[in-house]
Amino acid sequence: MEPIIRMENVNKWFGELHVLKDISLDVAPGEVLVIIGPSGSGKSTLIRTINRLEPVQKGRIVVDGVELNEDVRNIEAIRREVGMVFQQFNLFPHMTILENVILAPTRVRKIPREQAIAKAMELLERVGIADQANKYPAQLSGGQQQRAAIVRALAMEPKIMLFDEPTSALDPEMVGEVLDVMRGLARSGMTMLVVTHEMGFARDVADRVIFMDEGRIVEEGVPDEIFSHPQHERTQAFLARILHH
Amino acid sequence: MRFVAWMRKNLFDGWWNTLLTLSVGGLLIAFLRSVSIWAFTEARWYVIPNNFRLLMVGPYPPEEVWRLWVALTITTGLMGLSFGVFVRWWGPALSRALALALLIWVLAWPVVMPGTRLWLFLALVTFFAAYPLGTRLAGLRKFLPVMWLLAFLLALDVASGVPMNRWGGFFLTMVVTVSTVVIAFPLGLILALGRTSKMPVISLLSTLYIELIRGVPLVTVLFLAWIMVPLFVPENLRVPQMIRAIAGFALFAAAYLAEYVRGGLQGVPKGQWEAAWAVGLSGYQTVTYIILPQAIRSVIPALIGQAIAIFKDTSLLVIIGLFDLLSMAQVALSNPKYLGLEREVYLFLMLVYFIGAAVLSYASRRVEKAMGLGSR
């Protein structure tokens, strides 16, 4: 099957720092890809290049048949098809949850307001926070905010969802509710790229796991292989650290 | 008993604080005593009512003053409406406003003529007629800024039945203040966005403008508008002095407003930009819907502070020959009948400026509260 995301020899530098080194990666439609690795390994940067929150200096990225380049129209076209969920939620604090959700559909996709509201309420219902629709983000718990942020991304009906450590800023008791929403989304056939430290989630949900270290993809495979029989010693060391405490 | 406890804790906490309290209190009492003795026995306050028209509208022809009353009534009507939309309950707020209106009405007794009192009554009644309307039309909130702008233009239009060179007094002060704010605010926004722009030419020009204006005193800008403009602009193209003064004020204030807004822009976290881009908003949409609303809200106190500063700075108009409040005071004092009454007149001016600034500052707190709900 034609990959929906194709990265070829992608390289990125922050000044002198070489953060992505020769990354080549294909993602199939409907695939759930989990990216793990120590902090500073470039995993967040990797998924942020896909909707061009981070430009790259070398290599090619093609998303859904559109090649990312300097052209603003291309970038905006891709961002319409790619939803993103951030570690810090980044909801718009001056708008209610409902306004957060319908902003892009009404302004970017030009969907009539009533229709956008109906769709938004349906999505909010699905993640269990329909009763919070008219509150402001600051009035919600972290878990509720993150679910609202997921809905905001889904309201654009994206083909791909990027998750940048979606549970890292949450209190432990709220992690489950967000992961449940993500599980449901994965089951519905959404293409997902997830950067996370939740190994249980990765094991359950991922079709493929990628281990990154120092800007390189060190190892990749189905979750069972990676978690039970890691080949590379850096993968072994990382998993040993993270699983045994 | 709580009062005594409070005093003991805050005023008489140890011998040093007791000493301070007593000496400062003594000075304060002595000062207030001599001021009030002067105010109630020696002061000849008749200078204020006798010159009230002069102070309020300057050389505006008496038979045309109805125009200003119409303008005021438009303003109070819209004020009532806004009050209704923002406050939204009948109880204490309304009765407080009613009491205030009654107070104005009574206090106006010695200073205005019977016909004028009728107008004042009409203006106040309009406020209370518009208030309940506002409480019922919550959806009006979005349109209020536009309505204020239109009302302001309408009021200006009504007032300009008299040529601008005869505008004066408190009226002129208000016109210059409001016009300056209305013009300087969008200009400041544009300059702030310009200075933070990634395009070097725009950024450089905005920075240059802001730094240039902030490097010169307001008085020089006003003198420039007064003396220099006639050198470059031919006689028949020259705009009235008042317009030039407003332009000077607005160009000056815009530079300061720009810096406040820029501060607000920098205070919006980077994640807000990224989240807006990530859902597909264009750069323009991101700024309009996400960044500016947050930036402006965080700097409202500073913006209102600037508006208050403009209001007070209008007293500089006197030096470029406009008939503002301060210059009308000087006219009144130059009348031999009122020789030596500077204290009364300047104290009154102080009161007018203080009340004006206090009202603005109260409005600022209300707006902040009304907008502050979603803040983190």
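Letters A, B, ... mirror the listed sequences (proteins, then strands); counts begin at 1.
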Output a table of donor-acceptor pairs, distance under 3.5 Å, between side-chain atoms of residues 76-87 of chain B and any protein atom two or more places apart or on a different chain; print 'none' if there are none.
| from | atom 1 | to | atom 2 | distance (Å) |
| --- | --- | --- | --- | --- |
| B:Thr76 | OG1 | B:Leu72 | O | 3.3 |
| B:Thr76 | OG1 | B:Thr73 | O | 3.0 |
| B:Thr76 | OG1 | B:Ala123 | O | 2.8 |
| B:Ser82 | OG | B:Leu78 | O | 2.8 |
| B:Ser82 | OG | B:Trp148 | NE1 | 3.0 |

Tell me whether the count of non-hydrogen atoms from other residues, nucleotides or ligands lying under 6.0 Å of CD in A:Glu67 goes above 12. yes

Would you find a donor on one side and an acceptor on the other, under 3.5 Å apart, between the side chain of A:Asn90 and the backbone of B:Gln272? no

Run the numbers on B:Val279 and A:Arg79 for side-chain contact (heavy atoms from CB on, under 4.5 Å), then give the verdict. CA-CA 6 Å; B:Val279 290; A:Arg79 284 176 181 165; over 6 Å; no

So how far is it from A:Leu53 CG to B:Lys270 NZ, rounded to the nearest 0.5 Å? 8.0 Å

Pick one of side chain, backbone, both or neither for A:Phe86, based on which atoms fall under 4.5 Å of a heavy atom in chain B. side chain

Taking only heavy atoms into account, what residues of residues 283-290 of chain B are found under 4.5 Å from chain A? B:Gly283, B:Gln285, B:Tyr289, B:Ile290

Got more than 12 heavy atoms from elsewhere within 6.0 Å of CD, A:Glu70? no

Which one wins on heavy-atom pair count under 4.5 Å against chain B: A:Gln87, A:Met84, A:Arg48? A:Arg48

